[in-house]
There are 2 protein chains.
Amino acid sequence: MSRALQLSRQFSKRAVMEALLQQAPISRASIAKQTGLSKQTISEIVRHLEDAGWVIETGRTNGQVGRSAVTYEVVPDAAFVAAVDLGGTKVRVGLTDLRGAIVREATEFTRPEGGQVVVEQIGRLCLQAAAAAGVGRERVRIAVVGVPGAPDPSSGRVRFAPNIPDFDRMDVAAALEAVLECDVLLENDVNLAVQGEVWQGAGQGLDTLAFIALGTGIGGGLIVGGELVRGADNAAGELGFLPFGADPFEAESLRTGAFERLVASAGIRARYRTLTGGTDAPGMTVPEIFSRAGAGEPAATQVIDETACLLARGVAAIAAIANPSLVVLGGSIGSRPEMTERVRALLPGCMSSPVDVAASRLGPQAALIGAAAIGLSHLHNALFGADAPEAKLSLPPPRQAGSKA
Amino acid sequence: MSRALQLSRQFSKRAVMEALLQQAPISRASIAKQTGLSKQTISEIVRHLEDAGWVIETGRTNGQVGRSAVTYEVVPDAAFVAAVDLGGTKVRVGLTDLRGAIVREATEFTRPEGGQVVVEQIGRLCLQAAAAAGVGRERVRIAVVGVPGAPDPSSGRVRFAPNIPDFDRMDVAAALEAVLECDVLLENDVNLAVQGEVWQGAGQGLDTLAFIALGTGIGGGLIVGGELVRGADNAAGELGFLPFGADPFEAESLRTGAFERLVASAGIRARYRTLTGGTDAPGMTVPEIFSRAGAGEPAATQVIDETACLLARGVAAIAAIANPSLVVLGGSIGSRPEMTERVRALLPGCMSSPVDVAASRLGPQAALIGAAAIGLSHLHNALFGADAPEAKLSLPPPRQAGSKA
DNA sequence: CGCAGTTTGTTCGGTAGCAGAACTAATAGG
DNA sequence: CCTATTAGTTCTGCTACCGAACAAACTGCG
């Protein structure tokens with residue numbers, strides 16, 4: 001209630017910025033038509049934005065009848081978002097401008113020490129990227145960091161992040177803020193991947209969809225009504241614990257979920273081993289099993305088929321509960337075309353009106369792009385959305401490959 | 001975007017009404033403190049509301065230091081909501097005042113003819129209730145009707161409503177509007193039940209919870225972030241189609257879901273019949289099986305245990321995907337304490353941090369109360385929320401049993 | 001009883017953000 | 001060059017709000 005304290009100051013600045021972002025160069029008159037605000041108001045707002053350096057005059061229209069119009073655009077490098085995808089093995093950093101174009105990218109192996117060492121690694125990568133792009137650090141206004149775990153916004157810790165030592169015992173958010181000197185948002189990496197797929201990937205424009213990342217483990221992200229579903233303890237999308245596949249009441253299922261034990265890579269390899277007469281030898285990697293299946297080997301094919309069947313049941317479960325308009329399959333295993341096709345083929349066998357299924361289009365970049373999306377949205381809210389608590393920014397149209405300045 | 005056309009007229013009227021609703025008699029000064037608006041503004045808004053008849057002076061404070069304050073309250077009978085719960089066998093109607101108190105209630109057997117006959121039955125019940133409560137029909141501003149099916153807001157039809165003939169072939173919403181001469185909102189009955197449980201039942205105040213209605217069939221409702229999850233085709237919560245229990249890839253599972261075939265009443269009875277040496281006799285009703293289990297009969301106990309185990313898996317599936325803070329069990333079977341207890345006992349066996357489980361507290365009234373909740377929220381939005389698209393009304397504290405005038 | 005202190009409510013003046021009408025400016029096409 | 005058309009500005013005015021000053025009403029204490 002007391003959030004109505006500072007009331008609708010500049011209610012429309014956001015709307016103007018949005019129009020400015022989406023219809024690249026646009027005149028004030030057109031903005032007025034689109035937003036429904038009066039020409040007068042738009043002129044005023046645009047003047048303010050221009051004075052503040054967010055917007056700039058970039059040209060004039062001509063060709064049509066009537067007076068030619070001055071067109072404006074958002075100044076793309078007035079502020080930047082640092083998008084970070086922290087994985088167990090690699091850190092990926094992308095510096096994104098106000099339009100969402102990735103201006104600079106960098107990747108490194110994640111420092112195995114974890115904790116403060118990784119925090120400083122991320123800080124260094126971001127600042128280096130900014131420096132290399134000729135961007136002063138004060139223009140990097142927010143950093144969004146995807147982590148393989150469940151960030152707890154109140155303590156700044158990251159729970160369930162076995163791959164990054166100490167992240168569950170320190171205030172990661174605060175540490176990063178200290179290094180980067182800007183706001184930092186932590187988010188689960190799969191959640192970012194969903195956002196990425198919605199913005200520029202396989203789920204463009206949809207507002208209800210699910211994402212399944214199948215690889216070493218299995219994880220999911222769910223978007224409902226354009227909003228990420230986090231759940232009560234930030235544990236939404238823990239698909240590994242779906243109660244089928246292995247026996248969910250086995251003691252082992254409490255540690256590694258019943259579903260995960262069978263569909264994820266360890267399960268696939270184990271099934272192949274048993275099927276081929278299971279020596280206790282190291283066994284086959286999953287890509288090898290896939291290629292053998294491609295070559296027609298019956299055992300490999302059977303294992304892949306079984307996996308697809310399980311995955312289809314996972315998809316069906318999500319569909320029964322949340323009824324998304326699309327399920328995007330990602331991760332090293334899920335995004336393989338063989339897998340997506342099989343799942344798609346199986347679904348009509350267990351759902352009367354099967355969900356749409358698509359392979360991730362952004363692959364390993366999804367989380368990075370999602371981080372940029374969230375960062376941009378937050379940035380616009382902070383800068384132009386004084387009131388209107390959490391308006392969703394409808395982001396600019398995906399413009400592939402920014403000028404790698 | 002063009003929704004910003006008529007802009008923030010009376011941005012705060014809603015906030016004032018909300019305060020007025022929740023802290024029963026309240027002075028203007030206190031409203032000012034709570035909302036953060038100035039005393040001056042509050043006085044103005046309250047004057048308007050009073051002139052329009054929504055609010056009335058009801059007393060003065062005294063006892064504290066300082067000038068005594070005039071206190072105001074919402075005029076409870078300035079407008080009414082007709083809440084309707086249409087079931088296959090019974091129609092239940094409740095007339096609710098602005099505070100949410102049920103002023104009048106009525107129940108009848110649903111007319112088996114369906115279609116227009118049922119529409120007129122509902123209309124008659126509502127108008128009779130209003131008349132009996134001494135309320136002119138013009139004060140009934142909105143009707144919320146819970147139906148056993150999936151209402152399609154664009155066509156006004158109700159899909160998947162086998163129990164009400166013709167409802168899938170006519171514009172039910174329009175027909176009801178014609179009879180009642182007020183706005184009509186159709187909503188799935190389970191969805192209403194969830195809302196009811198959130199407002200006054202087992203899920204009070206929670207903003208992420210699931211509801212499972214287990215009886216003749218099985219259905220679910222999911223609330224995430226305070227918002228109902230409808231899904232892409234209004235088919236969220238079709239728990240019957242969860243891909244376990246029976247074989248999901250059987251042809252039969254396309255018609256009646258794999259999960260529903262086993263957990264719902266037909267499945268329970270079938271399992272009991274096979275277990276007791278399955279004659280093809282009519283068999284036992286579910287309540288009878290429950291009472292035999294209560295009496296210690298092994299076969300009945302086993303069947304109930306199995307059902308609970310299945311239900312627990314259903315709960316686990318929802319928890320894995322959406323991670324609600326509570327799962328409410330309802331329906332004639334789900335809300336039995338034996339069932340809730342068993343499920344609660346089983347969950348630690350298949351989830352490392354088990355969800356809370358509770359039996360429905362409102363029972364068959366849940367949908368009616370949920371309808372009232374939605375109606376009130378809509379009403380307040382329509383009356384006092386000129387802008388601010390779909391603000392959620394935080395409803396007044398549950399005040400049990402209104403004066404049955 | 002009367003005054004201090006405290007709280008309520010009103011009056012008055014002022015501001016931000018917007019609309020709308022009237023007007024000026026620039027352009028294309030004939 | 002004139003007309004139709006579109007872009008942008010100026011001016012007036014409204015609504016919803018704030019803040020300060022002030023009036024009104026009450027409690028409690030000396």
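A note on names: the letters A, B, ... follow the listed sequences, proteins ahead of strands, and every chain is numbered from 1.
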Please check the phosphate of [N] (OP1 and OP2 only) for any side-chain N or O of [X] closer than 4.0 Å.
X	N	answer
A/T41	C/dA19	yes
A/K33	D/dA7	yes
B/S38	D/dC18	yes
A/S68	D/dT6	no

Write down the distance between [atom1] ([X]) and [atom2] ([N]), rounded to a whole number of angstrom.
X	N	atom1	atom2	value
B/K39	C/dG9	NZ	P	9 Å
A/N62	D/dT6	CG	C1'	14 Å
A/F384	C/dG17	CZ	P	15 Å
B/I45	D/dA16	CD1	P	9 Å
A/H48	C/dC18	NE2	P	11 Å
B/L37	C/dG9	CG	P	15 Å
B/E44	C/dT11	CD	P	11 Å
B/I42	C/dT10	CD1	C1'	14 Å

Nearest 0.5 Å please: distance from the CG atom of B/L20 over to the CG atom of B/L98. 11.0 Å
From C-beta outward on B/R28, which listed nucleotide comes closest to its side chain: D/dT9, C/dA28, C/dG9? C/dG9
Taking atom types as modelled, find out whether B/Q34 and B/Q23 have a side-chain donor-acceptor pair closer than 3.5 angstrom. yes
Please examine the side chains of B/I223 and B/L228, heavy atoms only from C-beta on, and report whether any two atoms are closer than 4.5 Å. yes
B/V140 vs B/L95 side-chain heavy atoms within contact, under 4.5 Å: yes
Would you mind classifying the nucleic acid contact of A/Q40 as base, sugar-phosphate or nothing, using non-hydrogen atoms under 4.0 angstrom? base
Check if the side chain of B/R67 and the base of D/dA25 share a donor-acceptor pair of N or O atoms closer than 3.5 Å. no
Side-chain donor or acceptor of B/S68 paired with backbone N/O of B/N62 under 3.5 Å: no
B/Y72 or A/Q64: which one's nearest nucleotide on DNA chain C is closer to the 5' end? B/Y72
